[in-house]
Amino acid sequence: MTAAMPALSPRMSGIHASPASILRRRARELRASGLDIIELSSGNLDFATPDHVIAAAHAAALRGDTRYTDVDGTPELKQAVRAALLRDHHLSYAQDEIIIGNGSTQALFNALLATLAPGDEVIIPAPYWAPYLDQVRLAGGVPVVVPCPHNNGFRLRPEDLQAAITPRTRWLILNNPVNPSGAVYSREHLSDIATVLLQHPPLWILADGLYEHIVFGERCAPTLAEIEPRLTPRTLTVSGVAKTYAMMGWRIGYAAGPAALIGEMTKVQSQTTSGASSIGQAAAVAALNGPQDLLRERAIVLRAKRDLFVGILNDCAGLSCEPPEGTFYLMVNCAGEIGKAPPDGKTIRTDRDFAAYLLEQANLVVFAGEDFGLSPYIRVSFANSNAAIEEAGRRLKHACERLQ
Ligand SMILES: Cc1ncc(COP(=O)(O)O)c(C=O)c1O
C-alpha cells in the first residue's frame, strides 16, 4: 500500500530539478545499461584539478582543518579572492565585502533570497543558465526573460534592457562569458549596458563571471564593476573556482559586493549551510594563489577542441554554429532539422525532439535549446577528448543524414 504523501509547499509549483542534473543522471543510467554513451551535455571540464591544489587539500585535512569555518569563509580564502579580483579586474574589495559559498550557485541564491520581495522582477537575458529562473522563483521573484538572438551575438542589447526595466525590477543578471552561447561581452558592450543601468538607481546587478578565464581572445573576460565604478555599490561580482581550475566538485564559489548585502547573504548562509567545506576552501586558496599559467595553456587546448568541433558540426546537413569567444559550449542551430523525420520514426518538431532523437539513435547526450530559453538549438560541450569529439561528429553526421 502506498501512503499519500503529505503536502508540498506551493513554492515548489513550477520548480524543476536543474536540466543539467537530470541529463547527468540519465547519461549515467544509460551507460550503466551498457550503452556507449557520449556525453556532450556536461558542465564538467575534462581537465584534472591541478596537483598542487589536491596537495593543499590533503595537507589541510592532515593538519586538522576539518572544523566549521567562519560562515562567510576562511580569512585566507577571502584574502585570496580579494587578491584575485585585484589581479584580474583591478577591483579592490575589503574583507567584509566577500562571501564564500558552496559553489557560486549558493552565492547567487543567497543574494536573491536576501533581496527579493514577492513579485519583484529579475531580468535574465536568454539564452541563460537555467537555474537563474528557478532560483528567482524560489525566492519569490518573477524572471523577466529578454531574448538575445544570434543576430545580436547572443548578447543583451542596451535598448532591450531599457525596454525590460519596470518599477518592479530589482536585479539584472548578466553572465559573461555566457553559458550556453559562449558569447563574451567586451568592455565596450559592458559600457553600453552600464549607461542604461546608471539611469536606473534602484536596480541591483549580478555579474556572474564563472567562465571568465575560459576565453580565447583576451586573458580574462571583463566584469561590469571594473568598467563602471559608479555601479560598484550595487553590483555583486560572482565567480568561483569550478571552471577556472577544473574544480567543479569541490563546490567553492564567491561573491564580492557592498558589505551590507554581503552581511545579509551571510545570514542566509548561516541558516542554510553554515558555509562551505573547510577542505574545499583550503584547496581554493592554493588554486587562486598558485601559478596561473595553466589557465592560458588550458584555454589554448580548449580553443583547438572548439575549432575541431565547429568544423565537424558545420559539415552536418541541417546544423550550423559559429566559434564562440568563451566557455566550452557551442550553441548549434538545428533549424534545418525541424520538420524532418528518420525513415522509421517520428517527425522532429522541436529542438527537444532533436535532442531525444540524438539520444535514441546516436547515443549522444545533448541539451535542447529550450532548456536555455532559445530555440531551435542544441548545446554541446567541447570539453571532451578529441577522440570523443570525432566519434560524436561521426554519429551526428550519420544521424543528420538519415533525416528527410
Ligand atoms: C553561468 C553559471 N553560473 C553559475 C554556475 C554555478 O557554478 P558553481 O556552483 O559550480 O560555482 C554555473 C555552473 O555550471 C554556470 O554555468
Side-chain angles (χ1 to χ4, degrees), residues 69-115 122 129 132 135 170-177 185 187 190 193-194 197 203-215 219-245 247 250-270 273 275-276 280-281 283-285 287-289 292 295:
T69 71
D70 288 347
V71 168
D72 54 347
T74 62
E76 294 77 19
L77 182 50
K78 290 171 66 170
Q79 175 52 40
V81 167
R82 290 171 63 198
L85 286 165
L86 197 57
R87 175 182 66 212
D88 297 334
H89 298 295
H90 312 288
L91 286 172
S92 179
Y93 284 97
Q95 201 80 349
D96 63 355
E97 293 176 320
I98 306 286
I99 183 170
I100 309 300
N102 292 277
S104 56
T105 306
Q106 188 186 14
L108 292 163
F109 191 56
N110 290 338
L112 295 170
L113 202 72
T115 52
V122 178
W129 182 56
Y132 294 144
Q135 285 207 359
R170 291 285 294 205
W171 286 93
L172 162 69
I173 300 185
L174 198 71
N175 181 208
N176 187 32
Y185 290 81
R187 302 180 75 83
L190 291 182
I193 300 266
L197 293 169
L203 209 146
W204 289 103
I205 302 127
L206 203 156
D208 177 354
L210 195 70
Y211 297 82
E212 60 193 1
H213 288 286
I214 306 187
V215 281
R219 196 181 59 80
C220 177
T223 192
L224 254 178
E226 77 184 287
I227 303 300
E228 180 45 83
R230 282 175 292 173
L231 291 177
T232 307
R234 53 192 175 101
T235 299
L236 189 69
T237 303
V238 175
S239 193
V241 296
K243 315 290 177 177
T244 304
Y245 304 99
M247 292 177 67
W250 297 79
R251 308 308 305 124
I252 300 294
Y254 53 84
L261 175 61
I262 297 291
E264 297 306 304
M265 291 167 61
T266 304
K267 283 188 205 162
V268 174
Q269 187 152 295
S270 74
T273 64
Q281 292 188 68
V285 171
L288 290 167
N289 288 348
Q292 304 295 306
L295 310 187

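Index from 1, following the sequence. Heavy atoms only: backbone and side chains are in, while hydrogens, waters and symmetry mates are out.
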Show, in sequence, the C-alpha distance, side-chain angles and deciding distance for Y185 and L224, and conclude whether the side-chain contact (heavy atoms from CB on, under 4.5 Å) test is met.
CA-CA 10 Å; Y185 290 81; L224 254 178; over 6 Å; no

Gap between atom CG of L86 and atom CD of E226 - 0.5 Å precision
11.0 Å

Which atoms form the tightest heavy-atom contact between A276 and T69, and what is the distance?
O-OG1, 4.0 Å

Please answer whether the main-chain N or O of T105 pairs with a side-chain N or O of Q135 as donor and acceptor at a distance below 3.5 Å.
yes

Is there a donor-acceptor pair closer than 3.5 Å between any side-chain N or O of N102 and the backbone N or O of I252?
no

Verdict with reasoning, V122 to W204, per side-chain contact (heavy atoms from CB on, under 4.5 Å):
CA-CA 9 Å; V122 178; W204 289 103; over 6 Å; no

Whether E264 side chain and L261 backbone form a donor-acceptor pair below 3.5 Å:
no

Min side-chain heavy-atom separation D70-I100 under 4.5 Å:
no

Please report the interatomic distance OH(Y254) to CG(L77), rounded to the nearest 0.5 Å.
9.0 Å

Determine, step by step, whether L206 and L108 satisfy the side-chain contact (heavy atoms from CB on, under 4.5 Å) criterion, reporting the C-alpha distance in whole Å, the side-chain angles of both residues, the deciding distance to 0.1 Å, and the verdict.
CA-CA 8 Å; L206 203 156; L108 292 163; 3.0 Å; yes

Would you say the side chain of L210 lies within less than 4.5 Å of the side chain of W129, judging by non-hydrogen atoms?
no

Would you sort out whether L236 and W171 count as a side-chain contact (heavy atoms from CB on, under 4.5 Å), showing the intermediate values?
CA-CA 10 Å; L236 189 69; W171 286 93; 4.2 Å; yes

May I ask you to decide if A107's main-chain N or O and S104's side chain share a donor-acceptor pair within less than 3.5 Å?
no

Nearest heavy-atom neighbours spanning Y93 and A225
OH-CB, 4.1 Å

Taking the side chain from Q79 and the backbone from Q95, do they hold a donor-acceptor pair closer than 3.5 Å?
no

Just verifying a value: how many Å separate K78 NZ and E76 CD, rounded to the nearest 0.5 Å?
11.0 Å

Between the main-chain N or O of G275 and the side-chain N or O of T273, is there a donor-acceptor pair closer than 3.5 Å?
yes

Classify the side-chain pair D72/T266 by whether it contains a donor and acceptor separated by less than 3.5 Å.
no

Output the distance between atom CD1 (I227) and atom OG1 (T223), rounded to the nearest 0.5 Å.
8.0 Å

Tell me, do T115 and R170 make a side-chain contact under 4.5 Å, heavy atoms counted?
yes

Atom OG1 of T235 and atom CD1 of I205: how far apart are they, to the nearest 0.5 Å?
3.5 Å

D208 and Y132: CA distance, side-chain angles, deciding distance, side-chain hydrogen bond (donor to acceptor under 3.5 Å, both in side chains) verdict:
CA-CA 11 Å; D208 177 354; Y132 294 144; 2.6 Å; yes

Between Q292 (side chain) and A287 (backbone), is there a donor-acceptor pair under 3.5 Å?
yes

Any donor-acceptor pair under 3.5 Å linking the side chain of D96 with the backbone of I98?
no

Please check if atom CZ in R87 has more than 12 non-hydrogen atoms from other residues, nucleotides or ligands closer than 6.0 Å.
yes

Is any side-chain heavy atom of P177 less than 4.5 Å from a side-chain heavy atom of I214?
no

For A283 versus M247, what's the shortest heavy-atom pair and its separation?
CB-CE, 3.8 Å

Within the 4.5 Å heavy-atom criterion, are E228 and L197 side-chain neighbours or not?
no

Any donor-acceptor N/O pair, E97 side chain to I262 backbone, under 3.5 Å:
no

Would you say that H89 contacts P222 through its side chain, given a criterion of any heavy-atom pair below 4.5 Å between the two side chains?
no

Which pair of heavy atoms, one from R219 and one from H213, lies closest together, and at what distance?
O-ND1, 4.0 Å

Without swapping roles, check the side chain of T244 against the backbone of V241 for a donor-acceptor pair under 3.5 Å.
no

When you compare the side chains of S239 and E212, does any donor N or O come within less than 3.5 Å of an acceptor on the partner?
yes

Roughly how far apart are N110 CG and S270 OG, rounded to 0.5 Å?
9.5 Å

